[in-house]
Amino acid sequence: MRVRPGPRLGMRFGLGPGAKKGRVSPTGLAGAMPWWSLGVVLMVTTSADLALTAPALWAGGLEERGGPPNVVLVMSDSFDGRLTFHPGNQTVALPFINFMKKRGTLFLNAYTNSPICCPSRAAMWSGLFTHLTESWNNFKGLDQNYTTWMDLLQKYGYHTQKFGKLDYTSGHHSISNRVEAWTRDVDFLLRQEGRPMVNLIPNKMKTRIMEEDWQNTDKATNWLRKEAINFTQPFVLYLGLNLPHPYPSPYMGENFGASTFQTSPYWLERVFYKAIKIPEWSPLSEMHPVDYYSSYTKNCTGQFTKKEIRDIRAFYYAMCAETDAMLGEIILTLHQLSLLQKTIVLFTSDHGELAMDHRQFYKMSMYEASSHIPLVMMGPGIKANLHIPDIVSLVDIYPTLLDIAGIPLHQNLSGYSLIPLTSEAANNNSPAAMQRPPWILSEFHGCNVNASTYMLRIDKWKYIAYSDGISSPPQLFDLSSDPDELTNIATRFPEITLSLDQKLRSIINYPRVSASVHQYNKRQFISWKDSLGQNYTEVIANLRWHQDWLKEPLKYENAINQWLKTNTNM
């Protein structure tokens with residue numbers, strides 16, 4: 001398969017293959033807007049971008065606008081935040097993200113609080129760290145009775161609506177995936193995933209690849225056109241997308257359990273193929289033991305050609321381009337309805353995607369590709385063309401939205417409002433700005449990683465601790481000199497390692513949390529096992545790992561029994 005380099009930014013967005021002057025873009029990006037009007041909107045690299053909004057509305061503070069603004073939050077899945085700024089953004093054309101950067105504020109160091117779907121979304125909707133919500137995996141999310149930021153905005157007079165992927169109370173995953181999360185630290189390895197693969201849909205005119213996402217985007221834009229336009233009170237709209245998450249593949253057959261990076265030539269043309277970086281890998285013998293487990297269970301310890309790796313990354317970037325187009329559909333609709341100048345728009349993601357960084361795909365890792373997320377916001381009162389280096393995370397969205405709406409905080413939250421950093425009237429020396437800590441916390445307790453994982457990002461340092469802090473060695477990276485995180489310097493700088501570990505323990509008693517998660521996993525597994533009765537042996541032998549299990553069923557059953565007997569009380 002040959003992937004062609006894509007067009008330069010600003011060249012062919014809106015006029016698809018075969019389109020003629022006066023026709024609507026076949027992507028649907030412009031809705032009813034003809035392509036020449038779309039061109040005005042997309043002139044993000046020229047001075048023509050002033051045509052979109054009234055400067056007075058964008059320049060004023062919150063109080064000067066006669067009330068709080070509308071809010072639109074678009075949250076994608078698995079979007080590597082490094083693609084939103086140099087040099088990552090040179091690999092794929094993302095015109096609407098670039099438009100938001102030009103008109104608003106980009107956070108250069110935004111992170112997930114847990115690199116997996118449900119726990120990260122629970123943190124975003126609750127404003128609380130994962131160990132506080134006890135959202136340990138994709139099946140134990142936020143309590144359904146918890147008051148989210150959207151609940152509060154509705155209580156204070158906002159019209160509210162949400163479409164698409166939510167997954168903050170519970171995810172929608174298989175029994176196999178659930179059992180894998182519970183048994184992740186059983187003392188044996190399971191080949192749980194199929195090898196990552198790519199699938200090219202040959203139709204050059206095919207633009208709506210992730211049809212479910214496009215349908216939800218259509219629902220959101222129709223709601224804006226038919227309902228929101230008539231509101232006299234402000235509204236908040238949430239749109240959750242599946243892309244650019246890889247597509248699941250069948251659990252049986254040659255590629256059982258695989259994940260597929262899927263796109264069409266239309267979106268691949270947005271990818272600058274020659275600019276794609278082949279990540280450097282450590283030898284298998286030198287990998288951190290937890291990384292090796294993750295790579296093994298994701299079926300990535302085998303051989304990959306450079307072309308295979310580059311294609312996987314190219315397809316992933318093409319999926320990001322399709323995601324950007326859905327964001328664009330929302331922005332263009334707001335513009336058409338003259339709502340854009342009255343609305344604060346935020347774009348973010350639940351986590352990133354490794355896309356073969358560190359010999360892995362998916363997420364479930366504290367490496368930058370998995371934990372670094374996009375976060376950009378624009379709207380009235382938000383500074384334009386501003387890049388914020390401060391370290392922030394998803395828990396900051398809850399207090400930010402309350403700050404935008406003028407709603408007082410009713411409880412202690414893990415995050416802090418971003419408005420003191422990005423508002424036109426912001427004062428970075430104000431009490432609100434000064435109280436923000438210089439660190440963020442991320443933690444992971446789910447499948448494909450055989451130990452609870454904790455990441456502290458502070459200044460140039462990234463410190464990663466595992467389990468009880470003893471049974472698995474920590475990792476320390478200097479992101480200023482080692483942005484690809486290739487050299488663990490924890491033993492080289494023991495004083496820094498100790499200092500950061502002490503700081504982490506002051507934030508979270510992570511050995512105790514790890515023990516709690518271990519006990520939770522056992523209880524859930526025992527409950528599931530008991531519910532199956534005499535069918536347990538057959539059911540567990542035919543989950544996704546069946547090809548390994550059936551070779552030595554007694555070995556695997558004994559390993560689980562031994563795991564159930566271990567004592568993790570601390």
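On a predicted model such as this, the values are computed, not experimentally measured, just so you know.
- The number of heavy atoms from other shown groups lying within 6.0 Å of CD (Q144) does not exceed 12.
- When all heavy atoms of L152 and I407 are compared, the pair lying nearest together is O-CD1, 3.8 Å.
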Practice task
Step by step, work out the side-chain hydrogen bond (donor to acceptor under 3.5 Å, both in side chains) result for S294 and N448.
Solution key: CA-CA 5 Å; S294 297; N448 291 99; over 6 Å; no
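- The stretch residues 346-363 participates, sequence neighbours left out, in these salt bridge (charged side-chain N to carboxylate O under 4.0 Å, His left out) pairs: R82-D357, R121-D350, R313-D357.
- In this structure, N70 CG and Q233 CD are separated by 10.5 Å, a value rounded to the nearest 0.5 Å.
- Nearest heavy-atom pair across F85 and K101 is CA-NZ, 4.2 Å.
- Within the 3.5 Å criterion, the main-chain N or O of R184 finds no donor-acceptor partner in the side chain of N450.
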Practice task
Begin from the C-alpha positions of V71 and L237 and carry the test side-chain contact (heavy atoms from CB on, under 4.5 Å) through to its verdict.
Solution key: CA-CA 6 Å; V71 176; L237 169 65; over 6 Å; no
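- Residues A321 and V92 share a closest heavy-atom pair of CB-CG2, 4.0 Å.
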Exercise for the section: Mind running side-chain contact (heavy atoms from CB on, under 4.5 Å) on T422 and M377 for me, showing each step along the way? Expected result: CA-CA 9 Å; T422 186; M377 55 192 299; 4.1 Å; yes
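- A donor-acceptor pair is defined here as one N or O able to donate and one able to accept, closer than 3.5 Å; no such pair exists between the side chain of N113 and the backbone of S442.
- Aromatic ring orientation, W182 versus W528: tilted (interplanar angle from 30° to 60°).
- Contacts of D143 classified as salt bridge (charged side-chain N to carboxylate O under 4.0 Å, His left out), with partners at least two apart in sequence or in another chain: none.
- Across all their heavy atoms, N299 and P196 have their closest contact at O-CD, 4.3 Å.
- With rounding to the nearest 0.5 angstrom, the CG atom of L441 is 9.0 Å from the CG atom of L132.
- Looking at D291 and Y296, their side chains never bring a donor and an acceptor atom within 3.5 Å of each other.
- In this structure, CG in L418 is found 9.0 Å from CD1 in I382, a value given to the nearest 0.5 Å.
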Exercise for the section: Output, in order, the C-alpha distance, side-chain angles, deciding distance and verdict of side-chain contact (heavy atoms from CB on, under 4.5 Å) for L73 and V236. Expected result: CA-CA 8 Å; L73 172 59; V236 55; 6.0 Å; no
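- Between the side chain of Y398 and the backbone N or O of A123 there is no donor-acceptor pair closer than 3.5 Å.
- Side-chain polar atoms of S370 and S365 form no donor-acceptor pair below 3.5 angstrom.
- Side-chain atoms of H445 and S452 include a donor-acceptor pair closer than 3.5 Å.
- Considering all non-hydrogen atoms of both residues, P380 and T343 come closest at CD-O, 3.4 Å.
- In this structure a side-chain-to-backbone donor-acceptor pair under 3.5 Å is present from K140 to E134.
- Residues that satisfy the side chain to side chain contact (heavy atoms under 4.5 Å, CB included) test with E227, not counting sequence neighbours, are W223, F231.
- Here the side chains of F347 and L375 are not in contact, with every heavy-atom distance at 4.5 Å or above.
- Shown here are the salt bridge (charged side-chain N to carboxylate O under 4.0 Å, His left out) partners of E368, two or more places apart in sequence or in another chain: K462.
- Using a 4.5 Å heavy-atom cutoff, the side chains of V345 and I330 are not in contact.
- Scanning for ring-ring contact (aromatic ring centres under 6.0 Å, His included) contacts around H245 gives Y362, with sequence neighbours left out.
- Note: F129 and H131 have parallel aromatic rings, judged against thresholds of 30 and 60 degrees for the angle between ring planes.
- The shortest distance between side-chain heavy atoms of I397 and L401 falls below 4.5 Å.
- Here the side chain of D403 pairs no donor or acceptor atom with the backbone of S417 at under 3.5 angstrom.
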Handout entry: side-chain contact (heavy atoms from CB on, under 4.5 Å) between T112 and M124, worked out
Key = CA-CA 9 Å; T112 181; M124 190 275 286; over 6 Å; no
Exercise for the section: Apply the test side-chain hydrogen bond (donor to acceptor under 3.5 Å, both in side chains) to residues D80 and Y317: give CA-CA distance (whole Å), side-chain angles for both, the deciding distance (0.1 Å), then the verdict. Expected result: CA-CA 9 Å; D80 183 347; Y317 298 146; 5.9 Å; no
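- By the salt bridge (charged side-chain N to carboxylate O under 4.0 Å, His left out) test, K277 is found to be paired with D484, residues two or more places apart in sequence or in another chain being considered.
- K298 approaches L354 most closely through the heavy-atom pair NZ-CD1, 3.8 Å.
- Side chain to side chain, E329 and W214 fail the donor-acceptor criterion of an N or O pair below 3.5 Å.
- Judged by distance alone, the side chain of W125 and the main-chain N or O of L142 form no donor-acceptor pair under 3.5 Å.
- Atom OG of residue S78 and atom CG of residue L241 lie 11.5 Å apart, to the nearest 0.5 angstrom.
- Residues passing the salt bridge (charged side-chain N to carboxylate O under 4.0 Å, His left out) test with D396, sequence neighbours excluded: R436.
- Remark: Y111 pairs with H372 by the ring-ring contact (aromatic ring centres under 6.0 Å, His included) rule, at least two apart or across chains.
- A distance of 5.5 Å separates CZ in F361 from SG in C300, rounded to the nearest 0.5 Å.
- With sequence neighbours excluded, the residues forming a side-chain hydrogen bond (donor to acceptor under 3.5 Å, both in side chains) with D218 are R208, listed by chain and number.
- For S349, the side chain to side chain contact (heavy atoms under 4.5 Å, CB included) criterion is met by S76, F79, P374, not counting sequence neighbours.
- Atom CD of E180 sits about 11.5 Å away from atom CG of N138, to the nearest 0.5 Å.
- Side-chain rings of W136 and F444 stay apart, their centers remaining 6.0 Å or farther from each other.
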Show me, pair by pair, the donor-acceptor contacts under 3.5 angstrom made by side chains of residues 153-160, not counting sequence neighbours?
residue: Y156; atom: OH; partner: H410; partner atom: NE2; Å: 3.2
residue: Y158; atom: OH; partner: P69; partner atom: O; Å: 2.7

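- In summary, the side chains of D213 and N242 do present a donor paired with an acceptor at a separation below 3.5 Å, with no hydrogens or angles considered.
- Annotation: cation-pi pair R195/F304 present, NZ/CZ under 6.0 Å from the ring centroid and within 45° of its normal.
- With T453 contributing its side chain and V449 its backbone, the two residues share no donor-acceptor pair below 3.5 Å.
- Under the 3.5 Å distance criterion, with hydrogens and angles disregarded, a donor-acceptor pair is assigned to the side chains of T148 and D151.
- At least one donor-acceptor pair closer than 3.5 Å links the side chain of S371 to the backbone N or O of M366.
- With sequence neighbours excluded, the residues forming a side chain to side chain contact (heavy atoms under 4.5 Å, CB included) with Q262 are N199, I201, I209, Y247, T260, listed by chain and number.
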